[in-house]
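Along the sequence shown, residues carry numbers from 1. Basis for what follows: all heavy atoms, side chains included, without hydrogens, waters or symmetry-related copies. One-based numbering, in listed order, for ligands and for the atoms of each.
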Amino acid sequence: MHASDERPNIVFIFTDDHCEQALSAYDPTRIATPNLDRIASEGMRFNRCYVTNSICGPSRAVIQTGKYSHLNGFTRNGNRFNGDQQTFPKLLQAAGYQTAVVGKWHLASTPQGYDYYDVLKGQGPYYNPPMLTAGGDGKPVTRPNTGYTTDIITDKTLAWLKQQRDPDKPFMVMYQHKAPHRNWMPGPKYLTWLDDVTIPEPETLWDDYSGRTQSASRQSMTIRNHLNPRDLKLEGYGTMNEDQKKVWEAAYGPKNEAYLKARPNMSETDIVKWKYQRYVKDYLRCVKSVDDGVGRVLDYLDEAGLSDNTVVIYSSDQGWYLGEHGWFDKRWMYEESLKTPLLVRWPGTVAAETTNNAIVSNLDFAQTFLDIAGVDIPDDMQGESLVPLLEGKKPQDWRQAFYYHYYENPGGHNVARHYGVTNGNFKLIHFYALEGKKIDDWELFDLNNDPNELTSVYGDSQYADVQARMHKQLDRLRKHYEVPPDENPGRAVRGKKNQQRRAG
Ligand code: CA
């Protein structure tokens with residue numbers, strides 16, 4: 001056997017918009033996710049994995065390249081990823097790895113650097129998704145699929161692992177779910193699951209944004225005002241076929257009827273509470289199918305004797321608001337959307353049931369994959385390999401502060417453009433453009449005293465030293481990562497057609 005055959009395989013399991021609050025290895029109060037928890041209990045749970053730009057496409061582009069959005073060119077949804085640039089799958093492929101990506105891609109351009117791809121077109125629907133793959137002539141073709149998208153992505157991943165990969169080569173597969181992205185349509189198995197329970201409300205569900213600058217109150221992502229009838233399953237079947245509609249209607253029809261009958265007598269508060277329950281339960285139902293799929297893949301790795309030499313990594317493209325601050329969605333540098341889950345199982349290297357509090361990031365994934373495979377890491381990647389942390393080491397020079405940058409305004413949910421720095425204890429944020437106009441709002445949070453980030457202490461004389469230090473840190477990081485000066489805030493992000501796609 002050639003020595004290269006011993007290199008570890010990589011299974012990268014990825015979801016869209018899955019937060020720690022809905023993953024029981026982090027937070028068991030709302031859902032049990034026993035299969036995802038297996039990765040944590042047999043490996044390492046990272047408690048501070050921050051994303052550089054909390055939104056779907058940009059996060060994926062960061063993972064492909066190991067570079068911040070301003071360098072990989074994909075700053076906001078609606079951009080088209082330049083697949084001609086250097087990416088980690090290309091480097092793995094060149095080093096003899098077999099590479100595959102299945103499921104959500106969301107980078108607009110055709111995947112490059114993959115021996116096999118079978119990906120959703122754009123956002124992709126929850127039922128009966130058309131998917132893009134290479135046809136017999138190698139050119140991309142769209143093929144129809146029937147069923148629930150989460151299950152289809154799992155089936156296709158398993159089919160590739162079982163039948164299509166070359167067993168003589170190490171492999172890297174990206175198994176990437178659409179779920180639990182908006183509009184949170186559960187699979188047939190879980191349409192009535194959780195009907196008989198009440199999900200606890202977060203402390204900050206009734207946040208009035210009075211302790212922060214204007215941006216927090218000018219967004220449009222509240223459970224109170226911004227969930228539409230399709231989000232709430234009061235209308236619409238998406239792309240379901242007639243049989244699927246019948247199953248759906250049998251589950252949601254009676255629930256909706258009861259609500260519509262009661263609604264004239266409900267207070268505004270009660271209506272928000274109802275919307276919260278409907279929204280969070282549908283979200284959790286979507287997560288449940290993901291967890292089932294992860295279980296099937298882990299079981300297969302066991303059955304095939306692959307588990308011992310396969311690194312299994314679980315993450316999401318960003319965190320999410322499950323009602324915190326009254327919100328759904330992501331985008332902000334506030335904790336819930338800055339953080340994303342990260343679990344890693346690597347038998348023989350990662351000790352079981354370990355946790356890690358170092359500041360790590362999706363910026364580090366590309367370098368980590370290359371390091372696992374023993375491939376040289378290019379100098380122009382901007383992250384750090386996580387391998388030393390996985391080996392249980394505590395590198396003295398590990399990053400102590402993290403730079404964040406969000407660009408999509410004007411854009412969906414009207415979150416101001418902002419950038420900032422956090423060291424885990426304090427966070428400094430600069431909101432610099434809103435609704436096409438320059439703004440100049442600063443927020444500073446003391447994360448130990450105010451973990452919910454309800455009151456900015458920017459300008460408070462008690463924090464003058466901290467504020468000055470954080471400003472210095474921010475300037476240093478912007479220089480280090482080669483961030484250009486603030487771009488023109490009036491430049492439109494996307495056309496009308498694209499806005500429609502983003503809302504879905
Ligand atoms: Ca996302």
Side-chain angles (χ1 to χ4, degrees), residues 12-23 26 36 49-65 68-69 72 74-79 81 101-108 119-126 129 149-150 153 174-185 219-221 226-227 231 279-280 282-284 286-287 289-290 313-324 327-342 361-363 365 404-409 411-415 493-494 498-504:
F12 180 65
I13 309 172
F14 201 51
T15 44
D16 196 317
D17 297 352
H18 186 201
C19 58
E20 296 180 356
Q21 306 93 291
L23 204 174
Y26 286 95
L36 289 165
C49 183
Y50 298 150
V51 296
T52 64
N53 182 1
S54 183
I55 186 156
C56 312
S59 173
R60 287 151 208 273
V62 168
I63 292 170
Q64 289 291 311
T65 60
Y68 272 92
S69 304
N72 68 44
F74 199 113
T75 57
R76 41 202 147 195
N77 279 349
N79 285 157
F81 182 66
V101 57
V102 181
K104 187 157 176 186
W105 172 245
H106 208 217
L107 287 169
V119 296
L120 297 173
K121 298 188 74 168
Q123 189 62 255
Y126 270 105
T149 300
T150 301
I153 291 169
M174 302 182 87
Y175 161 46
Q176 310 203 129
H177 287 288
K178 170 208 172 56
H181 191 278
R182 193 183 186 183
N183 66 339
W184 321 290
M185 292 178 75
Q219 44 61 42
S220 51
M221 58 166 73
H226 302 105
L227 289 172
D231 294 332
Y279 151 59
V280 173
D282 284 344
Y283 179 99
L284 296 175
C286 291
V287 171
S289 288
V290 168
I313 300 169
Y314 178 74
S315 192
S316 170
D317 60 352
Q318 12 62 211
W320 182 257
Y321 297 91
L322 219 47
E324 296 84 5
W327 294 335
F328 62 96
D329 214 71
K330 53 255 182 176
R331 302 165 197 271
W332 303 95
M333 197 193 170
Y334 303 133
E335 290 293 293
E336 290 86 350
S337 46
L338 174 67
K339 281 166 87 173
T340 201
L342 178 60
S361 172
N362 59 344
L363 187 67
F365 293 179
Y404 178 86
H405 201 143
Y406 173 79
Y407 297 84
E408 197 177 298
N409 190 281
H413 301 296
N414 199 34
V415 172
V493 174
R494 306 167 89 183
N498 285 337
Q499 286 199 11
Q500 197 63 35
R501 177 146 43 95
R502 178 177 46 230

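- Among the atoms of Cys56, an N, O or S atom falls under 3.0 Å of the Ca ion (ligand 1).
- With 3.5 Å as the limit, one finds no donor-acceptor pair spanning the side chains of Lys339 and Gln318.
- Expressed to the nearest 10°, the angle at the Ca ion (ligand 1) joining OD1 in Asp16 with OD2 in Asp317 is 90°.
- Look at Arg182 and Asp17 and you find no salt bridge, because none of the NZ, NE, NH1 or NH2 atoms lies under 4.0 Å from a carboxylate O.
- Residues Phe14 and Arg60 form a side-chain contact, since some pair of their non-hydrogen atoms from C-beta on lies under 4.5 Å apart.
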Q: Verify side-chain contact (heavy atoms from CB on, under 4.5 Å) between Gln21 and Trp320, making sure each step is shown before the conclusion.
A: CA-CA 9 Å; Gln21 306 93 291; Trp320 182 257; 5.7 Å; no
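- Asp17 contributes atom OD1 as its closest N/O/S atom to the Ca ion (ligand 1).
- Note on Ser59: not counted as a metal contact of the Ca ion (ligand 1), no N/O/S atom lying under 3.0 Å.
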